[in-house]
Undergrad: 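Below you'll find the structure I mean.
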Amino acid sequence: MAPSTGTVHPVRYLALFGVLVVALYALVFFTGDKSATPKLGIDLQGGTRVTLTARTPDGSAPSQDSLKQAQEIIETRVNGLGVSGSEVVIDGDNLVITVPGDDSAQARSLGQTARLYIRPVTGSIDVATRDASRTATPEAPAAGTPAPEAPADGTQTPQNRPFLAQDPTTPEATPAPETTTPAPTGGASSDGTDEGDAAAAEIAAARALRQSSDPTVQQQAVANLDCSVADPLRGNDDPTLPLVACSQDGLNIYLLGPSIIDGQEIADASSVFNSQQSRHEISLSFKTTGSNTWAAFTSANIGKQAAFTLDSKVVSAPTIQGATPAGSATSITGSFTADSAKELANTLKYGSLPLSFAASEAETVSATLGLASLQAALIAGAVGLVLVLLYCLVYYRMLGVLTALSLILSGVMVYAIMVLLGRYIGFTLDLAGMAGLIIGIGMTADSFVVFFERIKDEMREGRSFRSAVPRGWARARRTILSGNAVSFIAAAVLYVLAVGQVRGFAFTLGLTTILDVIVVFLVTWPLVSMASRSAFWSKPSVNGLGAVQEVARERKVAAAASAKETRA
């Protein structure tokens, strides 16, 4: 009895493949930015380079260990953000980040210091109210006149300007801002010593003004803080001291107490969409110590605000509506988009950098290999494909046409997937990745060869082309699945263990291995099955199986003669 090959008609397999292709190209042309070209890597299209110059509080040179740690964290962020093909290298006391394409904001975001602290809010004022009140400010008191003391009710009056304490009954008085990439604060230093001393002096002055426990100094900081300029304290604030800080959109100023939780206590962070509030949020879960601290703080401060400060700026200052039990997740809310929420979540998830960095202006870099190399890779792929097709046509006659059609349809699907991967996860196709795709052509052809040779084996045993196809497929598919499983495991191991462009090769090799299975099962097998039922395709002169049928006839004649001799 013939092995079971299923009862689904081959046309249904082809229809399923057609639905998949239509769905992929519908996503290509009707979703996202609708660009129908894959993203190319740095070696093929160039990119954007940002140099990060380390800033230490005392102006000393950063240690190589801290630079290597920062490099590892940024590379991990690259993987978490799906920015494929990026490069992060150490250049002296600097880190140089190169991202494919011309998106300088993306390159800067990877170097975001992400020094996160959670601080209690003791007061806040919006910048517009502060600036408007300046016109009504009375004349300054005579020299030696004591500064006014802060009222007992908690309301601050910095230099006779209103500084409003948060009303516990008002939910989140200040709308949480959308995350933005901080403006660059400088470039690589041509004179490292002078630059470092100047940066250290700037940081020390900012700390003295904005991190003092003296109410008079805090009032002065609130009165003079300019939220529109680059923050010299970015990533260098002392968590044990109070802080006067701007919101990230620069519209509000907060007076904050010492930090209660360090960002290192974050166990996980993810972007989520709150369907009830119709907004994107950051979901945070803390490690044991941080979780217990947060539970105690929220329980004792219901109705008050807690500020999430990122690089010395307030990302969000939500009002505590209720106690968060230990071990439960909490949220950062704000005017986040899907992309900004994902970016911030991954930045927090993968850790704070051990150093504060100043970013240089982004610069465009040219392709390291260029258009000629891309054309050479395409030519190599085309030559390989043509040779495979010629071999199949010579050896398998018209069955080679089915092979060609299968390979073309596989290429159509690969192209759409490359476009979508570049659009949604930032995958970039470099020369190593193209090598993986080209090798995938040979692997797909191997599957066809296995299938056709199994058909020949069945026909050598005396079966017709029509009966040999389902039997040959039943035997071939196990071999095809086993071979592709081994290839996929090898690609997966290589992807996990490798770095840089080798991972791109492993990724595309694994992808083409999966697509090989899809094409053979949904295209090649149904086409050959339909051909076996056609009188035209069953002709030996068409399918190239005449020699195999002749061998079967000779075996049959020999077997009959042997049987006759035995009876005699």
Side-chain angles (χ1 to χ4, degrees), residues 114-126 152-156 163-179 239-240 242-243 245-249 251-310 313-338 340-342 344-349 352:
R115 298 290 297 275
L116 177 75
Y117 298 109
I118 301 178
R119 296 172 175 267
V121 177
T122 59
S124 65
I125 186 173
D126 65 88
D153 61 2
T155 301
Q156 306 289 337
F163 187 60
L164 306 178
Q166 175 63 33
D167 181 359
T169 63
T170 304
E172 196 165 354
T174 305
E178 176 181 340
T179 54
T240 64
L243 174 68
C246 297
S247 61
Q248 245 184 348
D249 61 2
L251 300 179
N252 300 274
I253 297 175
Y254 292 87
L255 180 59
L256 309 173
S259 169
I260 57 171
I261 297 178
D262 189 305
Q264 297 293 334
E265 286 296 316
I266 292 177
D268 193 17
S270 60
S271 59
V272 297
F273 182 75
N274 187 329
S275 57
Q276 294 181 343
Q277 301 293 331
S278 297
R279 66 186 181 188
H280 294 277
E281 301 176 353
I282 312 298
S283 177
L284 292 179
S285 59
F286 297 102
K287 299 175 184 177
T288 303
T289 302
S291 180
N292 293 336
T293 302
W294 181 244
F297 178 80
T298 54
S299 177
N301 292 274
I302 296 176
K304 297 181 181 179
Q305 283 181 286
F308 292 81
T309 64
L310 181 69
K313 289 186 179 292
V314 176
V315 176
S316 180
T319 300
I320 299 171
Q321 303 291 347
T324 301
S328 299
T330 192
S331 299
I332 298 178
T333 60
S335 302
F336 296 115
T337 63
S340 64
K342 179 183 177 183
L344 178 58
N346 279 282
T347 300
L348 300 178
K349 177 180 179 180
S352 299

Undergrad: Which atoms form the tightest heavy-atom contact between Ala245 and Val314, and what is the distance?
TA: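 Where Ala245 meets Val314 most closely, the heavy atoms are CB-CG2, 4.2 Å.
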Undergrad: Taking it one step at a time, do Leu116 and Thr309 satisfy side chain to side chain contact (heavy atoms under 4.5 Å, CB included)?
TA: CA-CA 6 Å; Leu116 177 75; Thr309 64; 5.6 Å; no
Undergrad: Looking only at heavy atoms, which two atoms of Ala323 and Ser299 are closest? And how far apart?
TA: CB-CA, 3.8 Å
Undergrad: Using atom types as modelled and distance alone, determine if a side-chain donor or acceptor of Thr122 lies under 3.5 Å from a backbone N or O of Leu255.
TA: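 Present.
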Undergrad: Could you give the distance from CG (Leu310) to CD (Gln248), rounded to the nearest 0.5 Å?
TA: 6.0 Å
Undergrad: Is Leu251 close to Asp126 at the side-chain level, that is, under 4.5 Å between some pair of heavy atoms?
TA: no
Undergrad: Could you report the tightest heavy-atom contact between Val121 and Ala317, atom names first, then the distance?
TA: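 Of all heavy-atom pairs spanning Val121 and Ala317, the closest is CG2-CB, 4.4 Å.
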Undergrad: Do Thr298 and Thr330 come within less than 4.5 Å of each other through their side chains, counting heavy atoms only?
TA: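 Contact flag for Thr298/Thr330 side chains = no.
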Undergrad: Between atom OH of Tyr117 and atom CG of Leu243, what is the distance when rounded to the nearest 0.5 Å?
TA: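 Rounded to the nearest 0.5 Å, the OH-CG separation comes to 10.5 Å.
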Undergrad: Measuring only between side-chain heavy atoms, which start at C-beta, is Ile118 closer than 4.5 Å to Phe286?
TA: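 Yes, close enough: below the 4.5 Å cut-off.
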Undergrad: Ignoring hydrogens and angles, tell me if any N or O in the side chain of Ser247 forms a donor-acceptor pair with the backbone of Asn252 under 3.5 Å.
TA: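 Between the backbone of Asn252 and the side chain of Ser247 there is a qualifying donor-acceptor contact (under 3.5 Å).
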Undergrad: Drop me the distance from Lys304's NZ to Thr319's OG1, to the nearest 0.5 angstrom.
TA: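 Lys304 NZ to Thr319 OG1: 12.0 Å, rounded to 0.5 Å.
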Undergrad: As a test of understanding, state which of His280, Arg279, Glu281 forms a side-chain hydrogen bond (donor to acceptor under 3.5 Å, both in side chains) with Asn274.
TA: Glu281
Undergrad: I need the minimum non-hydrogen distance between Ala345 and Ser271, along with the two atoms involved.
TA: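 Here Ala345 and Ser271 meet closest at CB-N, 3.6 Å.
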Undergrad: Is any side-chain heavy atom of Trp294 closer than 4.5 Å to a side-chain heavy atom of Ser328?
TA: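 They are not in side-chain contact.
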Undergrad: Taking the side chain as every heavy atom from C-beta outward, state whether Leu284 and Asp268 have any pair of such atoms under 4.5 Å apart.
TA: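 The answer is no, as the side chains (C-beta and beyond) never meet within the 4.5 Å cut-off.
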Undergrad: What's the shortest heavy-atom distance between Ala295 and Pro325, and which atoms?
TA: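 What the structure gives for the nearest pair is CB-C, 4.1 Å.
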Undergrad: Measuring from atom CD1 of Ile261 to atom NZ of Lys287, what distance do you get when rounded to the nearest 0.5 angstrom?
TA: 12.5 Å
Undergrad: If you take all heavy atoms of Ala329 and Thr324, which pair is closest and at what distance?
TA: O-CG2, 4.0 Å
Undergrad: Nearest 0.5 Å, what's the OG-CD1 distance between Ser270 and Ile282?
TA: 8.0 Å
